[in-house]
Number of protein chains: 4
Amino acid sequence: MDSVGVGLIGTGYMGKCHAIAYSAVATVFGLSTRPRLELLCDLGAEQAAAAAAAFGFARSTDDWHKLVSDPAVDVVSITTPNGLHPAMAIEAARNGKHVYCEKPLALTLEKAEAMAAAVREAGVKSLVGYNYTKNPAVSHAKRLVEQGAIGRLLHFRGCFDEDYLADPALPHSWRMQKEKAGAGALADMASHLIHMAQHLCGPIGAVMADLTTMHAERPINDGSHAATGRVENDDTVSALVRFRAGFSGSLDSSRIAWGRKSRFAWELHGSAGMIAFDQERMNELQLYQAKGPKAEQGFKTILSGPAHPPYGNFVPAPGHSLGYNDIKTVEVAHLMRGLAGEETLYPNFTDALDTERVMHAMLRSAKEGQWVSLD
Amino acid sequence: MDSVGVGLIGTGYMGKCHAIAYSAVATVFGLSTRPRLELLCDLGAEQAAAAAAAFGFARSTDDWHKLVSDPAVDVVSITTPNGLHPAMAIEAARNGKHVYCEKPLALTLEKAEAMAAAVREAGVKSLVGYNYTKNPAVSHAKRLVEQGAIGRLLHFRGCFDEDYLADPALPHSWRMQKEKAGAGALADMASHLIHMAQHLCGPIGAVMADLTTMHAERPINDGSHAATGRVENDDTVSALVRFRAGFSGSLDSSRIAWGRKSRFAWELHGSAGMIAFDQERMNELQLYQAKGPKAEQGFKTILSGPAHPPYGNFVPAPGHSLGYNDIKTVEVAHLMRGLAGEETLYPNFTDALDTERVMHAMLRSAKEGQWVSLD
Amino acid sequence: MDSVGVGLIGTGYMGKCHAIAYSAVATVFGLSTRPRLELLCDLGAEQAAAAAAAFGFARSTDDWHKLVSDPAVDVVSITTPNGLHPAMAIEAARNGKHVYCEKPLALTLEKAEAMAAAVREAGVKSLVGYNYTKNPAVSHAKRLVEQGAIGRLLHFRGCFDEDYLADPALPHSWRMQKEKAGAGALADMASHLIHMAQHLCGPIGAVMADLTTMHAERPINDGSHAATGRVENDDTVSALVRFRAGFSGSLDSSRIAWGRKSRFAWELHGSAGMIAFDQERMNELQLYQAKGPKAEQGFKTILSGPAHPPYGNFVPAPGHSLGYNDIKTVEVAHLMRGLAGEETLYPNFTDALDTERVMHAMLRSAKEGQWVSLD
Amino acid sequence: MDSVGVGLIGTGYMGKCHAIAYSAVATVFGLSTRPRLELLCDLGAEQAAAAAAAFGFARSTDDWHKLVSDPAVDVVSITTPNGLHPAMAIEAARNGKHVYCEKPLALTLEKAEAMAAAVREAGVKSLVGYNYTKNPAVSHAKRLVEQGAIGRLLHFRGCFDEDYLADPALPHSWRMQKEKAGAGALADMASHLIHMAQHLCGPIGAVMADLTTMHAERPINDGSHAATGRVENDDTVSALVRFRAGFSGSLDSSRIAWGRKSRFAWELHGSAGMIAFDQERMNELQLYQAKGPKAEQGFKTILSGPAHPPYGNFVPAPGHSLGYNDIKTVEVAHLMRGLAGEETLYPNFTDALDTERVMHAMLRSAKEGQWVSLD
């Protein structure tokens with residue numbers, strides 16, 4: 001096929017992010033298969049029409065059922081709140097649409113499993129938006145590990161901190177309700193961290209987690225001054241993990257970490273070196289190798305460049321920096337090539353179940369106060 | 001008008017950069033006036049056709065004269081080697097086309113002046129691609145200066161270093177010939193630095209420059225091993241400057257600075273603080289303010305975010321990083337709005353002459369070994 | 001008293017460190033009570049005599065019993081392997097000597113308690129060498145917390161990583177034997193981290209730890225090539241902690257972390273800001289305060305200076321950097337003033353028991369795989 | 001000789017710095033020849049006596065003539081304002097004393113030359129306090145250059161900025177008077193920078209300098225509110241330089257650079273790599289080498305350690321940080337060994353004349369507005 005008909009559900013943070021990636025991807029990558037922006041769905045017909053105009057989509061609707069059954073749509077981008085993912089993804093799959101869904105898949109493991117089953121049964125392709133692994137710097141880190149650049153893996157350390165709920169005066173919202181949002185920092189950010197740990201270190205065998213809700217009540221914006229709502233999910237999560245490969249790690253995430261804007265930072269400790277990365281400086285990879293004269297050993301700051309594909313598709317000169325949206329463009333290029341049969345989509349819904357399982361094991365561990373095995 | 005017909009000449013580094021920006025700009029900014037990718041020109045009909053397909057242009061040509069006279073083209077993007085800018089820009093202007101040209105304008109001041117005269121006489125609009133000033137972090141720096149955040153300006157320090165010619169084994173090319181490329185590091189990078197200094201500190205009144213060519217001979221790739229070609233322009237430029245506002249500065253640039261990939265770094269010294277920036281960490285602004293308790297004074301690392309417009313058009317969350325291409329998208333949004341009459345284009349060809357004048361004054365100063373006044 | 005007679009046991013890493021601090025402290029601080037370097041004890045009479053000459057001590061001995069009973073000695077510095085601390089400290093105390101002992105106190109909690117009892121019963125003063133809290137930057141961090149600069153504490157994150165045993169080829173030694181060294185990274189480094197967490201955040205109520213030994217066998221240097229010895233203690237420790245004040249933290253430490261030379265890094269997350277510190281840049285304190293315009297918020301890098309006492313005793317100019325030994329000099333100045341009755345020594349042996357208790361609770365937690373309460 | 005009798009003139013910033021170094025040096029380095037603190041001279045007999053007590057000197061005087069002729073004094077440390085150096089140094093030399101003098105030597109080149117002549121004629125040894133080159137990280141940088149680690153030198157870039165006079169409200173003082181202080185930032189800081197450039201790159205052949213005085217008037221603290229005094233020397237200096245070896249450099253220094261506390265930062269550009277250093281992070285050396293796979297090239301942050309002598313004399317573990325005073329201790333160890341005939345003192349007064357000549361050439365260049373040759 002020469003082009004892929006795209007249907008996009010949602011026009012918020014991630015909805016616009018998908019739209020930007022679709023608009024730029026063919027030019028950046030010179031794709032043979034280009035996205036064709038067919039149909040956009042948002043709440044309210046007018047808002048949907050406005051967003052379609054702004055994002056360059058041909059048509060709009062306020063009924064997602066129509067979108068997932070539209071004949072011109074080949075792939076459905078789902079960027080709605082997580083609780084809505086399963087129904088949309090499952091119906092899309094049953095209609096024979098490929099599904100590109102934001103993370104995590106669902107609020108419960110059962111629903112996530114149902115999503116994975118639906119795409120398998122329908123024989124459609126799927127992709128989950130764990131975009132951070134698509135950063136050329138991160139891909140290079142993985143390549144370095146595979147090449148033995150830091151020897152045998154011995155330990156993983158990671159955090160993902162932001163401050164989007166750090167202000168205690170921020171109002172209560174659906175994000176703090178278990179029924180609507182599921183977990184808190186664990187779902188929003190630690191899911192990315194878990195996925196990254198699995199991507200770099202392989203399967204996780206057991207977890208021991210501790211969750212806290214430090215801002216337990218938040219004001220309700222209903223004109224009444226005294227009203228507050230209870231925050232039902234986690235502000236912070238800290239976890240010990242054991243990888244199947246026989247080493248340990250620790251993961252931390254907070255949504256109330258003042259000053260951190262996108263501090264998704266991790267370290268790979270190896271028997272011959274270390275790799276470190278911080279998303280706030282997403283174009284820099286830190287590499288220490290225990291070789292050469294001691295007097296010249298040190299962490300190298302490697303700036304992303306054409307030597308780290310597919311950076312060169314964006315800019316031919318090194319050190320010129322990719323941005324957050326560019327990484328989503330890499331992900332969408334992968335989606336296009338996957339749909340064209342040129343690449344195997346990763347992580348698909350089944351792959352992503354591994355991450356969901358760890359998330360839910362952490363929830364259980366924190367509740368029970370003990371190690372939970374993933375076996 | 002609802003859309004602007006775009007003609008793009010050149011498909012190299014900056015040509016692709018323009019194309020990516022045109023493809024994403026409407027979605028990112030929700031523009032009322034969208035670019036319409038009409039015609040692309042490159043050397044060779046086949047290559048032009050291939051690039052048009054890859055970049056999403058409707059048609060292609062290998063004759064730039066056709067492009068600058070094409071009725072569907074409203075604005076011409078010129079991304080060819082600098083020596084070719086004047087003829088293209090002048091003919092485009094005479095055909096009533098707006099012109100968006102990469103920097104610097106020309107190899108000689110006379111030609112640059114002719115370009116400025118041509119657009120003025122034709123009554124068309126113009127924009128020069130000094131994109132680095134369009135970075136939200138840089139725009140914020142300028143705003144801070146205007147708000148008096150660091151007091152009265154006292155000094156400017158800047159460098160722009162890369163290593164694209166650092167390897168002495170790199171072959172001789174047209175870039176090293178005065179007739180074809182004009183100056184070296186001075187034209188490629190120091191022009192950006194001069195423009196930035198003027199943008200932040202106002203007009204420059206006098207310059208004292210020193211140029212060196214450290215790799216004076218480079219191998220010629222003609223199969224003959226012994227042949228070398230003479231490098232006729234500058235590998236490094238260092239300059240003292242005096243701003244009209246009564247303070248001094250120093251500017252340095254090198255194209256043979258190993259390890260520097262895009263180190264366009266500068267400092268604004270003020271009577272009440274300092275601002276520092278480094279393009280290699282283009283999402284960070286350093287701000288020191290001499291206020292509050294001494295024990296808590298220090299440089300603040302401000303991560304770009306929605307508080308620094310137009311960052312929020314790209315991502316609603318702070319600290320998620322814009323990339324090099326995103327800044328070009330900001331520039332193209334400015335172009336679109338300028339052509340729609342919503343903003344005044346800056347720097348246009350006349351504005352850019354100030355930078356060309358300083359460049360040529362530096363060349364003369366280096367040759368004569370003395371201060372050259374810009375008065 | 002005008003001077004304090006010092007007896008030093010041990011001349012290795014920490015022994016020399018004590019000696020340097022004793023030699024400089026009076027000049028740096030203009031002390032009324034100066035150390036008088038009386039007696040030095042090391043293994044072997046000749047080595048002891050040589051060290052005494054090098055370190056400026058008046059006399060030497062190879063019998064520590066003589067040192068702790070010497071009439072000219074007022075305070076005994078103990079810098080031997082940890083297993084030897086208790087006997088020396090207890091005998092010194094019983095002889096009426098004040099005791100300045102390196103950390104941790106002992107291999108078992110019982111012995112540490114016996115040491116604390118001995119100094120209490122003898123009515124002598126004691127100090128434990130948790131020097132990192134004496135860094136002016138760290139003292140300022142504590143002051144900031146107490147002043148409410150970052151609001152209410154919400155979370156603690158810390159690590160202490162080095163690579164002194166990262167090379168798998170390093171030979172087996174007493175340091176890897178439980179009987180002689182006790183714990184591994186937990187005793188060497190995590191003890192500092194636990195103490196820092198307690199110093200900054202108050203008492204710890206419960207811990208959940210995970211220990212690994214990744215290099216389980218190491219070569220034995222006895223001329224036989226094939227022989228290896230089993231490493232009996234921890235290469236890495238990761239722990240979740242709950243502070244009594246109602247918030248959580250996570251602590252990690254590794255002695256096999258390639259590239260880390262003294263990465264004792266921690267973060268204090270508060271309801272109104274964050275403080276971060278890294279010992280590898282021990283003269284920098286990172287402070288984020290959620291106040292002022294959003295566009296100007298960011299982490300401030302505060303360089304140590306005279307505004308952070310007692311930095312000014314070393315250099316009158318800010319940003320000129322203190323070193324590792326300088327912090328020990330701060331500790332010894334505290335010791336001198338404590339012995340002169342001008343300050344209350346902290347942490348004394350009783351204070352330090354809190355840290356030992358957490359260490360041993362972590363050992364038990366790791367063994368049992370469950371949370372251990374400190375109540 | 002077993003010990004060296006020390007006489008110290010001055011007890012301010014550098015006076016105390018010398019005293020601390022003398023107190024610690026023998027212990028740190030295990031010197032065979034130890035300093036013996038004989039006599040201290042300060043203004044006022046009481047103040048001198050107090051300082052002698054604080055710094056551990058045996059005797060005191062308020063008459064420097066007595067000090068430079070005292071039979072027990074072997075070496076005289078001169079740490080007074082620069083204008084006083086010549087008389088003291090010359091008289092000391094004539095009395096057969098070795099002289100250890102702070103930098104720069106004098107207010108005029110003639111006086112500096114007279115000092116050099118005096119020590120030569122008297123046959124005594126001399127050392128000038130350009131301490132920054134004694135930092136183990138800097139010594140390693142020089143070693144790397146000599147080993148060809150970055151190839152042939154192509155360019156030098158350096159600055160030395162502080163903010164000790166950045167506040168325009170700071171009162172007028174002798175430091176701003178030409179007659180008493182000579183140059184401003186040029187003498188205080190740029191002298192260090194020039195010396196470092198010469199140390200690393202060899203002789204300077206020509207200079208082109210620009211000086212500014214941005215805070216031209218400062219309040220006089222005499223109770224009268226309206227009075228101000230004229231600042232007669234430079235707040236900032238910027239200079240282009242040509243090294244005899246055939247490459248260029250640029251040097252900048254400011255004493256009004258808010259936020260900079262000890263930013264003595266420089267870069268060595270080579271044909272095969274780059275070395276960069278910043279005194280504010282004085283334990284870190286940045287090294288880029290253009291070798292190995294492009295994807296793994298980057299600046300290495302090398303933390304000072306035992307592999308960089310004489311770091312190991314201070315701490316046996318790498319990355320534990322030396323401080324500003326430690327570098328002075330390295331300098332004093334060199335002095336002690338030089339006096340014992342074990343090393344050749346560098347830079348002695350004659351060596352230091354090279355730096356004075358460049359300083360004065362810069363003053364002349366700035367005055368005349370043209371290049372000044374050092375030939």
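Chain A is the first sequence line, chain B the second, and so forth, proteins listed ahead of strands; every chain is numbered from 1.
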Interface residue of largest heavy-atom contact number with chain B, from [options], under 4.5 Å:
options                       : value
A:R260, A:K261, A:R263        : A:K261
A:D326, A:T329, A:N325        : A:N325
A:V315, A:D163, A:T301, A:L31 : A:V315

Interatomic spacing from [atom1] in [X] to [atom2] in [Y] - rounded to 0.5 Å:
X      : Y      : atom1 : atom2 : value
A:H320 : B:F264 : NE2   : CZ    : 11.0 Å
A:T27  : B:F57  : OG1   : CZ    : 8.0 Å
A:I20  : B:F314 : CD1   : CZ    : 7.0 Å

Query raised in the report: Based on non-hydrogen pairs under 4.5 Å, which of B:A19, B:P316, B:G30 is most in contact with chain A?
Result: B:P316
Using every non-hydrogen atom in the two residues, find where [X] and [Y] come nearest and quote the distance to one decimal.
X      : Y      : value
A:S262 : B:G319 : CB-O, 3.4 Å
A:A24  : B:S23  : CA-OG, 3.6 Å
B:S321 : A:M282 : CB-SD, 3.6 Å

Query raised in the report: Is it the backbone or the side chain of A:A21 that comes under 4.5 Å from a heavy atom of chain B, or both, or neither?
Result: neither
Query raised in the report: Relative to chain B, which segment of A:L322 carries a heavy atom at a distance below 4.5 Å: side chain, backbone, both, or neither?
Result: backbone
Report task. Give the C-alpha distance, both sets of side-chain angles, the deciding distance and a yes or no for side-chain contact (heavy atoms from CB on, under 4.5 Å) between A:R281 and B:E280. Result -> CA-CA 10 Å; A:R281 289 178 173 167; B:E280 287 185 357; over 6 Å; no
Requested in this report: Please state whether the side chain, the backbone, both or neither of B:A53 comes within less than 4.5 Å of a heavy atom of chain A.
Outcome: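 Only the backbone of B:A53 comes within 4.5 Å of chain A.
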